[in-house]
Peer 1: 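Let me begin by handing over the structure; questions about it come next.
Every chain is numbered from 1, with letters handed out A, B, ... down the list of sequences. The model shown is predicted, which means the values in this text are computed figures rather than measured ones.
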Amino acid sequence: MNASLRYGTSMKRSDKVSRYIYYIVIGIGVLFMLVMMAWYVTSNRPASTNLHFNVFALLSAASFISNLVAFILISRIKARTDVLLWFSVFLLSLSGWAGAEMMLRLSATPAGAVFWAPLSTISSVIMPISLFMFALAYTDTKRSLSPFIFPILIGTSSLFLFVDARTKLFSLYDPALLKSSPWGYVIETGPAYFLLSLWLIVLSLATLILLVRYGRHTIESTVRRQTKLFVIAIAIPLIGGGITDGILPSLNIVILPPMSVMLLTIMGVVISYGIRNHHFFSFTPGLIASEVLSTMNEAVIGITPDLVLSYANAGTERLLGLTAKNLASSNLVDLLAEDWTLSLMKQKMFDALAEQDFYTLDSVKFKTSFGKSVTTKVSITKVVGEGQPYGYLLVLADITAMSQTKELVEQEVVERTRQLHEEQAKLWASIDSLNLGFALADSNGSLVIQNKVLAPVFGLTGQVASLQQLQKQLTDVDLTNSSKYVRDNGRSITVKEAGLGAKSLRIFIGPVGVNEESTSHVIGTVLLVEDITEVKVMERSKDEFFSIASHELRTPLTTIKGNSSMILEYYKEILKDEDLKQMIRDMHSSSVRLIEIVDDFLDMTRLEQGKVSFVYEPIPVAHLVDEVVKETKASLDDKKLNLKIDKNQLENLPPVWADIKRLKLVLHHLISNATNYTEKGGIVIDAQLVPKKDFVKIIVTDTGRGMKPEAQQLLFRKFQQAGDSLLTRDTTRGTGIGLYISRMVMENMSGKIVLEKSALGKGSAFSLTVPVATANQLKMAPKSTAVIDSSTGLTIAT
Amino acid sequence: MKVLIVEDNPSVQRMYGKALEFAGFTVVVANDGNVALEMAQREKPDVILMDVMMPVMNGLDALKLLKADDQAKTIPVIMLSAFEDDNLVIEAMSIGASRYLVKSNNEPKQIIDVIKEVTGSAAEPAA
């Protein structure tokens with residue numbers, strides 16, 4: 001409350017002074033009333049003040065006590081606003097009135113009644129004044145602190161009381177003229193009593209009007225509610241009390257006891273309750289305004305129309321480091337750190353206010369006591385009250401930090417932009433140095449971005465405008481439709497080979513998406529184009545090399561093999577020399593072995609290149625094992641090795657889904673290996689469903705030499721054998737690619753080949769895992785007869 | 001029975017020629033597909049052994065022309081190649097070859113068995 005804008009022109013110090021004057025005026029007024037009452041009581045004290053009990057006196061007693069209690073409660077509230085002050089006076093006057101009325105009703109003699117009655121009148125005159133002052137303060141009309149209103153009111157009331165005491169115009173304080181009623185003696189009213197009533201009613205009505213108007217205009221809902229409560233609370237005693245204490249007595253009709261005090265007591269209790277329990281007055285706009293003004297960070301400065309400072313809030317001290325004393329009566333221009341003259345300042349800051357009430361300057365520098373300056377954003381409001389310009393209100397917000405931040409942000413933006421450009425340059429350099437054509441196309445097919453390689457790859461020069469332009473160069477690819485597909489489905493497409501004259505291109509088309517929250521949508525396509533002409537040529541020559549190698553190696557070998565076998569067949573007569581016969585046999589077997597090796601290499605290469613096509617069919621496991629065993633039986637028998645197969649178990653397994661030719665080769669290889677590396681004992685072929693029942697595992701176990709753990713690691717790798725070193729060859733033949741080929745074959749058929757276990761000197765166990773043919777696959781299997789060419793092993797559907 | 005061997009490699013020609021002679025067949029030889037067509041019409045062989053990779057005209061092209069020729073199309077043709085290629089096999093079979101054999105996988109004697117099988121004859125060599 002040490003800073004208030006109600007005066008508009010008041011500085012803190014002068015505000016305090018005016019408040020003191022105000023309290024003194026009130027104090028004098030109250031003192032004057034008390035003196036008058038004392039004078040009255042001492043000068044008119046009757047000889048006999050005998051009392052007698054009257055039931056109606058209890059009502060007055062209740063009012064007397066409840067108002068006293070309410071007064072004590074209200075005065076204990078910490079916030080000492082003028083609103084509370086006036087309300088306390090109101091409660092006190094009510095209490096006095098009720099006390100006097102109680103004594104009047106208890107009076108046993110007319111003399112006693114005549115003594116107490118004027119006291120009641122005095123209180124009843126003060127009561128509406130305090131209520132009116134309360135309403136003025138509460139509605140914040142700036143007049144409650146006026147040094148004139150209260151003295152005028154109290155003066156008028158005193159005049160009335162003086163007239164009342166000295167003449168018989170209002171009340172006839174004559175013991176002889178008293179009327180007796182059930183509620184004690186009633187004072188006869190004089191001819192002008194209505195004037196007194198009118199005065200009270202006018203004040204009460206004025207109070208009501210103030211509150212009603214205020215309640216209508218306020219926008220704060222709590223204040224509106226509480227005002228409504230006041231209005232209702234005041235209206236009840238005004239109407240009720242006006243009848244019982246004003247109208248009826250002035251007409252000299254004695255049918256109702258005076259009820260004002262009682263009704264007013266109800267009102268006082270209601271309002272006190274509201275004040276105590278609902279913190280009514282914590283919400284008065286004046287309180288809020290002063291609280292905000294003293295706690296806000298912005299400096300608020302009030303200046304007179306001559307631009308001299310008249311008010312500054314606590315924020316001003318904090319911002320400028322100046323005390324109220326320093327600031328008092330200085331001109332605004334003295335506070336500025338700008339190089340402005342008074343007239344320039346007026347022009348810059350106040351000219352605009354001739355047209356409008358509010359004006360903002362984004363950056364004005366003010367001096368601070370620390371010898372520095374502070375940059376502020378200044379909002380200037382023209383304060384006009386009752387048609388008179390009070391001056392201006394300036395709100396200064398410190399934007400020094402903000403402008404520094406802004407500067408930092410600007411630097412940051414510059415730096416980031418530079419980085420971005422750098423990144424962009426790097427990106428472009430990368431894209432341009434790509435050996436690929438690169439382009440980004442929007443949904444219309446226009447090329448948004450492209451690198452330097454794009455045009456030449458398509459045999460064009462300069463910038464390419466659109467996908468359509470690229471399309472013209474291509475014959476066997478629909479670029480526009482493919483792009484549309486990519487955009488619509490969000491999936492990429494690779495055109496493996498697109499012909500462009502003698503050139504071959506590989507074109508990748510991918511979606512360019514934008515993520516927006518959870519969903520992403522495709523806005524265009526990215527195009528990567530590779531000239532694969534060279535690659536294709538290389539590939540072709542590689543293919544050709546293998547064809548030639550295959551042909552050129554096998555043809556002479558075939559001749560050696562064929563001729564040697566024919567010599568052995570048709571020239572038995574000549575081959576009587578056993579040595580010669582053995583030599584021819586060795587030639588024959590060596591050529592057979594060489595052909596096998598060439599075949600293995602070709603197989604391996606084609607598997608690696610993915611050029612082997614697999615022909616799938618359901619294969620009964622028993623049949624498969626049977627076929628392979630037939631082929632390998634001879635070499636087993638040669639070494640006198642046992643072979644153990646549980647045929648029943650094999651019969652019970654479901655057919656597997658594989659390429660029979662390839663699967664037979666792999667199994668053949670496993671059994672041959674087992675045979676080769678086993679000197680005594682035998683081989684066990686076993687098969688079982690693996691736990692989930694969708695694979696069959698065929699296990700070939702031998703009692704051979706086994707492998708060291710480190711050798712086991714290298715199995716299934718290219719050119720690896722389980723031997724100790726390159727020079728310590730296995731006694732058996734081998735190039736070391738058999739298991740490698742087997743692994744590739746099995747993996748191609750969704751199966752696998754695994755070394756189950758191996759122990760040096762005890763033997764090894766390998767397994768093949770092959771998928772079981774599904775019901776669908778069994779259905780799909782060709783019903784037509786298949787010719788298996790026994791010589792080529794190829795299956796040809798006829 | 002007369003067999004036309006279409007083969008460009010002389011040692012292979014000799015080898016199969018000898019094997020067939022030993023088995024009692026009459027052998028005529030063509031060096032390439034072009035010559036083979038001419039000889040097929042002139043010599044009217046009972047069966048043709050056709051290499052695939054040859055100069056002037058390759059075996060597949062020759063096979064196509066043979067199968068397009070009204071007179072020659074009834075002569076069974078056994079493709080005999082150094083290539084082991086699934087696509088080649090399928091192509092040759094679809095054009096009308098009776099068999100596709102890979103040279104290195106078959107001994108001369110086995111080829112004779114296939115010839116007998118294809119011609120359906122119990123091999124009654126001319127005395």
Peer 1: What part of Lys18(B) is in contact with chain A, defined as an atom under 4.5 angstrom from a non-hydrogen atom: side chain, backbone, both or neither?
Peer 2: both

Peer 1: Could you tell me which portion of Ile595(A) (side chain, backbone, both or neither) has an atom closer than 4.5 angstrom to a non-hydrogen atom of chain B?
Peer 2: side chain

Peer 1: For Lys67(B), look at atom NZ and say whether over 12 heavy atoms of other residues, nucleotides or ligands are found less than 6.0 Å away.
Peer 2: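 Counting neighbours around NZ of Lys67(B), more than 12 heavy atoms of other residues, nucleotides or ligands fall under 6.0 Å, so yes.
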
Peer 1: Determine whether a donor-acceptor pair (N or O, by modelled atom type, separation under 3.5 Å) exists between the side chain of Arg554(A) and the backbone of Ser104(B).
Peer 2: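 Not a single qualifying donor-acceptor pair exists.
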
Peer 1: Within the structure provided, determine whether Thr559(A) and Tyr16(B) are in side-chain contact (heavy-atom separation under 4.5 Å).
Peer 2: no

Peer 1: Considering non-hydrogen atoms only, spot the tightest contact between Met15(B) and Asn563(A) and give its length.
Peer 2: CG-OD1, 3.3 Å

Peer 1: Could you please spell out the steps behind the side chain to side chain contact (heavy atoms under 4.5 Å, CB included) verdict for Val12(B) and Thr558(A)?
Peer 2: CA-CA 8 Å; Val12(B) 178; Thr558(A) 309; 6.0 Å; no

Peer 1: Enter the distance from Glu596(A):CD to Asn105(B):CG here, rounded to the nearest 0.5 Å.
Peer 2: 9.5 Å

Peer 1: Provide the closest heavy-atom pair for Glu107(B) versus Ser565(A) in the form atom of the first, atom of the second, distance.
Peer 2: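 In this case the closest contact between Glu107(B) and Ser565(A) is OE1-OG, 2.8 Å.
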
Peer 1: Between Met566(A) and Pro108(B), which heavy-atom pair has the shortest distance, and what is it?
Peer 2: SD-CG, 3.6 Å

Peer 1: For Lys752(A), does the NZ atom sit with more than 12 other heavy atoms under 6.0 Å from it, leaving out its own atoms?
Peer 2: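 Not more than 12 within 6.0 Å, no.
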
Peer 1: Name the orientation class of the two ring planes belonging to Phe22(B) and Tyr570(A) (parallel below 30°, tilted from 30 to 60°, perpendicular beyond 60°).
Peer 2: parallel

